[in-house]
Amino acid sequence: MARFTIFSSLLLISFLGLALSPCLATRKLSALVKQQPLVLNYHNGTLLKGNITVYLVWYGKFSPAQRSIIVDFLNSLSPAKTALPSVSSWWQTTGKYKGGPRTVVVGNQVLDEKYSLGKTLKSPQIQALASKAGNGANAISVLLTAADVAVDGFCMSRCGTHGSGGVKGSKFAYAWVGDSVSQCPGQCAWPFHQPIYGPQTPPLVSPNGDVGVDGMVINLATVLAGTVTNPFNNGYFQGSAEAPLEAVSACTGIFGKGAYPGYPGKLLVEKTTGASYNANGVNGRKYLLPAMWDPQTSTCKTNV
């Protein structure tokens, strides 16, 4: 089994690496210190491409409103009639990687509201739980844990994870993201919460009125982009395979133009609520999505 680790949030300027064994990538306990040149090399491995199914396991208690925020985000990844800038236009950057355009379809969903493995999860249990809704060769099995669920390394070193496992000789990709609102929103829900580390800038208003779930969307976007472009630890990344920088984790802390440590960049603001966002989604949704590395320009591309 391969496991990649997504580091916890942003604001420790002294850290830039992504870590935890044996491989992964995403948000880390650091602010972005821009490196030159920023190049993610392709290591000739299999990528997820074409029509990708995302299976969901909701572990713990999520309200219907919370689930709809995330499902609407996933449904917004594929082309839809939404105003620009859109979630779809953000996701289209993954089409610039080898394999071409990628679309996402939400597959089977499983509700595990009775905490079948308890409220404290170990890393090996993530893969097993994620697979409960299904898995496949061109799919991602995603585990989403509620705010009262503790996971190994959560808040200490990661906000989510992606990795791979095997069933009867076939590999499949999985991911995990947790709701940090009651455990570490300053790490895993920044910039919607006051940061624990670094410059103490005021938090932004979250676009869907839920700091924890809007933070989950940022981390889910990060692990999904990393999964499709480096599902089996031999796709696109920079640095060590044990601590890789991937499509979004290489651009940590950047959400709009002019971003710098502690400042997410210039964003759009919803007039009635004051919420900050940079992507429109289906059903009138708005989201804040992180910058993604563009292989055509070798830069971190923002949606606004």
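Start at 1 with the first residue, then count along the sequence.
Here the side chains of Pro290 and Thr222 are in contact, with some heavy-atom distance below 4.5 Å. Contact check for Leu56 versus Leu74: side-chain heavy atoms found under the 4.5 Å cut-off. Side-chain contact between Tyr59 and Leu111 is absent, with no heavy-atom pair separated by less than 4.5 Å. Thr103 places a side-chain heavy atom less than 4.5 Å from the side chain of Pro79. Ser180 places none of its side-chain heavy atoms less than 4.5 Å from the side chain of Val211.
Side chain of Glu246 to main chain of Val248: no donor-acceptor pair is present (N/O by atom type, distance under 3.5 Å, no hydrogens or angles). With hydrogens and angles ignored, the 3.5 Å screen pairs no side-chain donor or acceptor of Thr93 with any backbone N or O of Met292. Counting only distance, with no hydrogens or angles, the side chain of His43 and the backbone of Gly235 share a donor-acceptor pair below 3.5 Å. Proximity of a side-chain donor or acceptor of Gln66 to a complementary backbone N or O of Ser63 within less than 3.5 Å is detected. Under a 3.5 Å cut-off, the side chain of Trp90 and the backbone N or O of Pro85 do not form any donor-acceptor pair. Under the 3.5 Å distance criterion, the side-chain polar atoms of Asn234 are left unmatched by any main-chain donor or acceptor of Asn230. With hydrogens and angles ignored, the 3.5 Å screen pairs a side-chain donor or acceptor of Ser182 with a backbone N or O of Ala147. Put simply, the side chain of Gln194 never gets that close to the backbone of Pro202: no donor and acceptor are under 3.5 Å apart. Asn75 places no side-chain N or O within donor-acceptor distance of the main-chain N or O of Val105, the cut-off being under 3.5 Å. A donor-acceptor contact shorter than 3.5 Å is absent between the side chain of Tyr287 and the backbone of Val217.
Criterion: ILVMFWY side-chain heavy atoms under 4.5 Å apart, direct or through other members. Under it, Phe62 and Val106 are part of a common hydrophobic cluster. In terms of hydrophobic clustering, with Ile, Leu, Val, Met, Phe, Trp and Tyr side chains grouped at heavy-atom distances under 4.5 Å, Val181 and Phe192 are assigned to different clusters.
Closest approach of Phe172 to Gly136, counting heavy atoms only: CB-O, 3.6 Å. Nearest heavy atoms, Asp214 versus Ser206: OD2-CB, 3.1 Å. Nearest heavy atom pair, residue Ala130 against residue Ala175, reads CB-O, 4.3 Å. Nearest approach of Pro199 to Pro261, heavy atoms of both residues: CG-O, 3.5 Å. Contact record, Asn51 with Asn138: O-ND2, 2.9 Å, taken as the closest heavy-atom pair. Taking both residues in full, the closest heavy atoms of Val142 and Leu220 are given as CG1-CD1, 4.0 Å, listed atom of the first, atom of the second, then distance.
A disulfide bridge does not connect Cys188 to Cys155: their SG atoms sit 2.5 Å or farther from one another.
With 3.5 Å as the limit, one finds a donor-acceptor pair spanning the side chains of Ser89 and Asn303. Side chains of Arg285 and Asn208: a donor-acceptor N/O pair is present below 3.5 angstrom, by distance only. No hydrogens or angles considered: nothing links the side chains of Arg102 and Thr229 as a donor-acceptor pair under 3.5 Å. Between the side chains of Asp148 and Tyr115, at least one donor N or O sits under 3.5 Å from an acceptor N or O. No donor-acceptor contact under 3.5 angstrom links the side chains of Asn41 and Gln238, judged on distance only. For the residue pair Trp176 and Thr145, a side-chain donor N or O sits within less than 3.5 Å of a side-chain acceptor on the partner. For Asp294 and Thr299, the side-chain atoms include no donor-acceptor pair closer than 3.5 Å. A donor and an acceptor atom, one from each side chain of Ser88 and Ser86, are nowhere located under 3.5 Å apart. There is no side-chain donor-acceptor pair under 3.5 Å between Asp72 and Ser68. For the 3.5 Å distance criterion, the side chains of Glu270 and Thr272 qualify, holding a donor opposite an acceptor.
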With side-chain contact (heavy atoms from CB on, under 4.5 Å) as the criterion, how do Gln109 and Val71 come out once you've worked through the C-alpha distance, each side chain's angles and the decisive distance to 0.1 Å? CA-CA 10 Å; Gln109 300 184 53; Val71 172; 3.9 Å; yes

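From Gln92, atom CD reaches atom CG of Leu77 across 10.5 Å, with rounding to the nearest 0.5 Å. Distance check: Leu204 CG to Thr201 OG1 gives 7.5 Å after rounding to the nearest 0.5 Å. For the atom pair Leu84 CG and Asn280 CG, the distance stands at 8.0 Å (nearest 0.5 Å). From Asn233, atom CG reaches atom NZ of Lys171 across 9.0 Å, with rounding to the nearest 0.5 Å. The NZ atom of Lys61 sits 14.0 Å away from the CG atom of Asp179 when rounded to the nearest 0.5 Å. Between Ser131 atom OG and Tyr174 atom OH the span is 9.0 Å, to the nearest 0.5 Å.
Checking each of Tyr97, Tyr236, Trp293 against Tyr42 for a ring pair (Phe, Tyr, Trp, His ring centres under 6.0 Å) leaves exactly one that passes, namely Tyr236. Tested against Val57, the residues Leu143, Ile126, Leu144 include a single side-chain contact (heavy atoms from CB on, under 4.5 Å) partner, Leu143.
Atom NZ of Lys96 is surrounded by more than 12 heavy atoms from other residues, nucleotides or ligands within 6.0 Å.
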